[in-house]
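Remarks on the structure that follows.
Computed from a predicted structure; not experimentally measured. A note on names: the letters A, B, ... follow the listed sequences, proteins ahead of strands, and every chain is numbered from 1.
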2 protein chains.
Amino acid sequence: MFIFVVAKNIYNGAMNYEPINYEALLRTHQLKATPQRIGILNAMHTHGHITIDTLYSDIKKEFSAISLATLYKNIHQMMDATLVTEVKIAQQKTLYEITKAAHAHLACDRCGSVYDIAIDATPLVAQQSPLSQHRIESAQITFTGVCQGCLTKGA
Amino acid sequence: MFIFVVAKNIYNGAMNYEPINYEALLRTHQLKATPQRIGILNAMHTHGHITIDTLYSDIKKEFSAISLATLYKNIHQMMDATLVTEVKIAQQKTLYEITKAAHAHLACDRCGSVYDIAIDATPLVAQQSPLSQHRIESAQITFTGVCQGCLTKGA
DNA sequence: CATTCTATGGATAATTTTTTTCCTTTAGAT
DNA sequence: ATCTAAAGGAAAAAAATTATCCATAGAATG
């Protein structure tokens, strides 16, 4: 038997039971639910994580007049509201994703793609914090290696 | 009894037995040992990790005419040679450090400082790789929390 | 449902960060 | 000591990010 305890109105990319209500998600985070913001969240959701360029070209299909400044402004507002997370990986362009259940990333050395890896860093944090003179609260993990696709087709 | 197996000419920031021979380190990595490069490595070493701005103002004390382009060009060459590592942390400026023994970083939520955390990610990689459809080879870990300094002086 | 107030979007420009180009100088091999 | 490919410096260009200004649109209020 599995018990899913789902906090109300927390986005979880892995649980696509029903279409995501971006309006409610925005309001929960004290942000106005504008069409542009909904579009941004939608693009992030369909891509999992997204660069500013992909987001820009994607969203222009719906809002041809949208400006990059609008994207940056909104991304930062959503980051301040912890609704969006910035993902920085060495040698890669910055990615943005809807804040979701803890997970790691794999950056493929060969093709550069970034994949989500299901992992709970809680034990790592719990283990490290007492060893450190700092108070450790969370962990962001980026793995590097070779992705499934490259393994299959490559040597 | 402790046995230290130290690969020859690998930089290890933690082992300051003797002054680091940057010339040899550069040559080992097939890079010409120019004074500017030695200065860059020296600044990285004394700071542990460094932003481009700090590096620039630091190194100008020795090479007043050095240009930012020279820094970026060299950093990239050293990164290609795996002598330097780029550290990207969300909400922070990119840091550069001499590639050293595996370690994690702690980014303080309060003051923004970044500290090194001694940790060997090998077990994490070994544990995750078989669980994944990808081949996982290494891990970069960034912890967030509150650093010792802020803990002491703050609430 | 209309009105009002405030936050948002879009245009534009300014900053900041990073990369490129071109020419002179230098490290390191011969 | 000489030679040559690589490196440094100056300058500009390109890319990424942020700020400013004003018209407009959410959403709260009556």
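- Scanning for ring-ring contact (aromatic ring centres under 6.0 Å, His included) contacts around Tyr96(A) gives an empty result, with sequence neighbours left out.
- Listed pair Arg27(B) / dA27(C) fails the phosphate criterion, with no side-chain N or O lying under 4.0 Å from OP1 or OP2.
- Scored by the ring-ring contact (aromatic ring centres under 6.0 Å, His included) test, His49(A) finds His105(A) as partners (sequence neighbours excluded).
- Within the structure, no pair that satisfies the ring pair (Phe, Tyr, Trp, His ring centres under 6.0 Å) test touches residues 70-92 of chain B, not counting sequence neighbours.
- Remark: Asn74(A) pairs with Arg37(A), Gln77(A) by the side chain to side chain donor-acceptor pair (under 3.5 Å) rule, at least two apart or across chains.
- Partners of Lys60(B) under the side chain to side chain donor-acceptor pair (under 3.5 Å) rule, at least two apart in sequence or in another chain, are Tyr56(B).
- With a 4.5 Å cut-off between side-chain heavy atoms of Ile, Leu, Val, Met, Phe, Trp and Tyr, the cluster of Leu131(A) takes in none.
- Side chains of Thr82(A) and Thr99(A): no donor on one and acceptor on the other come within 3.5 Å.
- Here Thr122(A) pairs with Asp120(A) under the side chain to side chain donor-acceptor pair (under 3.5 Å) rule; sequence neighbours left out.
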Scan nucleotides 8-19 of chain C nucleotide by nucleotide, 5' to 3', and note B when protein non-hydrogen atoms come under 4.0 Å of the base, S if they reach only the sugar-phosphate, - if neither. SBBSB----SBB
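- Direction change of the helix axis from one end of the helix from dC1(C)-dG30(D) to dT30(C)-dA1(D) to the other is 40°, with five pairs defining each end axis (rounded to 10°).
- Mapping heavy-atom proximity under 4.0 Å, the span of DNA chain D touched by chain A runs 5' to 3' from dA16(D) to dA27(D).
- Checked against salt bridge (charged side-chain N to carboxylate O under 4.0 Å, His left out), Glu137(B) has the following partners two or more places apart in sequence or in another chain: Arg135(B).
- Shown here are the ring-ring contact (aromatic ring centres under 6.0 Å, His included) partners of His134(A), two or more places apart in sequence or in another chain: Tyr115(B).
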